[in-house]
Amino acid sequence: DAGITQSPRHKVTETGTPVTLRCHQTENHRYMYWYRQDPGHGLRLIHYSYGVKDTDKGEVSDGYSVSRSKTEDFLLTLESATSSQTSVYFCATGGQGPDTQYFGPGTRLTVL
Amino acid sequence: DAKTTQPTSMDCAEGRAANLPCNHSTISGNEYVYWYRQIHSQGPQYIIHGLKNNETNEMASLIITEDRKSSTLILPHATLRDTAVYYCIVRVAGSSGSARQLTFGSGTQLTVLP
């Protein structure tokens, strides 16, 4: 599997506070993605990146922002966390070729 | 992306082959079949993909029917660690932008029994 790490792995925070999740990859993959997974909804794309400083919105981007200043790092920020953002967040990477995606271990976020 | 249909759950004895079916009768000529799995509390894991020919890698084999309307993922010697939800996804390869999003359906819960 691609070397993908996510930090933190678990976080509990309060409503209204900003939260930043980090995804780090060692495979030099061009594409990076942030998904959230919730019961009954499956995986939903929040934002994705197709290169350094090149990002775009996914299906459920409201309340989230991202940044990618280096190939290896993709940050997801919840500008003002809400209880509806309690979820498991997965980062994924993908190269240009076979269109496969490799997922990180996930971050479990709880917003109280 | 074409719609896929998978059984909700399957059991398999440890050491035996696990054969997971997927129907994709509306698949288009430029759509690939991808298989992923998700072990409980872990991130999804890519397994294999194919267009029309059968494919094999170190994890599994993928058998695609000649009319491409269905496929079967084969785990040749299932172990307890193969217990997971298996997802069959049909999509055009090389999509750009948000079309690269993977859409996971309900999948098949495979339980490998000792």
Side-chain angles (χ1 to χ4, degrees), chain A residues 1-7 9-10 21 23-25 27 29-51 54-61 64 66 87-109, chain B residues 1-6 8 27-28 30-53 55-60 62 64 73 81-82 84-109:
Chain A
D1 290 339
I4 304 171
T5 57
Q6 293 184 231
S7 59
R9 295 292 315 279
H10 302 272
L21 309 183
C23 177
H24 179 78
Q25 59 134 334
E27 298 296 314
H29 283 163
R30 175 184 178 187
Y31 289 89
M32 297 186 76
Y33 311 82
W34 277 107
Y35 291 87
R36 60 178 289 176
Q37 187 171 36
D38 306 288
H41 290 281
L43 276 164
R44 292 182 290 176
L45 183 67
I46 305 170
H47 281 281
Y48 65 97
S49 169
Y50 45 95
D54 291 323
T55 65
D56 207 344
K57 296 178 180 180
E59 179 186 357
V60 290
S61 60
Y64 302 94
V66 290
S87 186
V88 180
Y89 291 85
F90 289 103
C91 172
T93 72
Q96 187 72 37
D99 201 26
T100 54
Q101 294 185 21
Y102 303 94
F103 287 79
T107 294
R108 184 172 296 275
L109 176 68
Chain B
D1 298 341
K3 179 179 172 59
T4 62
T5 304
Q6 299 178 251
T8 302
I27 191 170
S28 301
N30 62 346
E31 288 182 310
Y32 285 69
V33 179
Y34 290 80
W35 283 85
Y36 284 77
R37 73 181 182 183
Q38 188 169 23
I39 297 169
H40 182 62
S41 298
Q42 297 184 20
Q45 178 186 23
Y46 164 77
I47 302 173
I48 198 167
H49 75 285
L51 182 61
K52 60 177 76 172
N53 297 321
E55 301 288 343
T56 295
N57 63 20
E58 64 278 4
M59 288 184 66
L62 174 61
I64 303 174
L73 178 74
R81 289 177 297 179
D82 292 321
V85 180
Y86 287 78
Y87 298 96
C88 170
I89 300 168
V90 172
R91 57 180 280 128
V92 176
S95 304
S96 61
S98 61
R100 294 180 70 93
Q101 172 179 342
L102 290 176
T103 301
F104 289 75
S106 300
T108 297
Q109 172 66 57

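Chain identifiers are assigned alphabetically (A, B, ...) following the order of the sequence lines, protein sequences preceding nucleic acid strands; residue numbering begins at 1 within each chain. In this text, all values refer to a predicted model and were calculated from it rather than measured experimentally.
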Next on the checklist: For a 4.5 angstrom cut-off between non-hydrogen side-chain atoms, does A/Asp38 reach A/Arg44?
Outcome noted: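 With C-beta onward as the side chain, the pair touches.
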Checklist entry - So do A/Gln101 and B/Tyr34 actually touch side chain to side chain, heavy atoms under 4.5 Å? => result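 No, too far: nothing below the 4.5 Å cut-off.
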Next on the checklist: Counting only non-hydrogen atoms closer than 4.5 Å, does A/Gln6 touch chain B with its backbone (N, CA, C, O), its side chain (CB onward), both, or neither?
Outcome noted: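 Contact with chain B involves no heavy atom of A/Gln6 at all.
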Checklist entry - B/Tyr87, B/Tyr32, B/Phe104: which one forms the most heavy-atom pairs within less than 4.5 Å of chain A? => result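 Maximum pair count with chain A is reached by B/Phe104.
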Checklist entry - When rounded to the nearest 0.5 angstrom, what is the spacing between CH2 in B/Trp35 and CG in B/Leu62? => result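 Output value for this atom pair is 8.0 Å.
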Item to check | Ring-ring centroid check A/Tyr102 A/His29, cutoff 6.0 Å | outcome: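 Close enough - the centres of the two rings lie under 6.0 Å apart.
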Item to check | chain A contact via B/Tyr36 - which portion, at a heavy-atom distance below 4.5 Å | outcome: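 It is the side chain, since no backbone atom gets that close.
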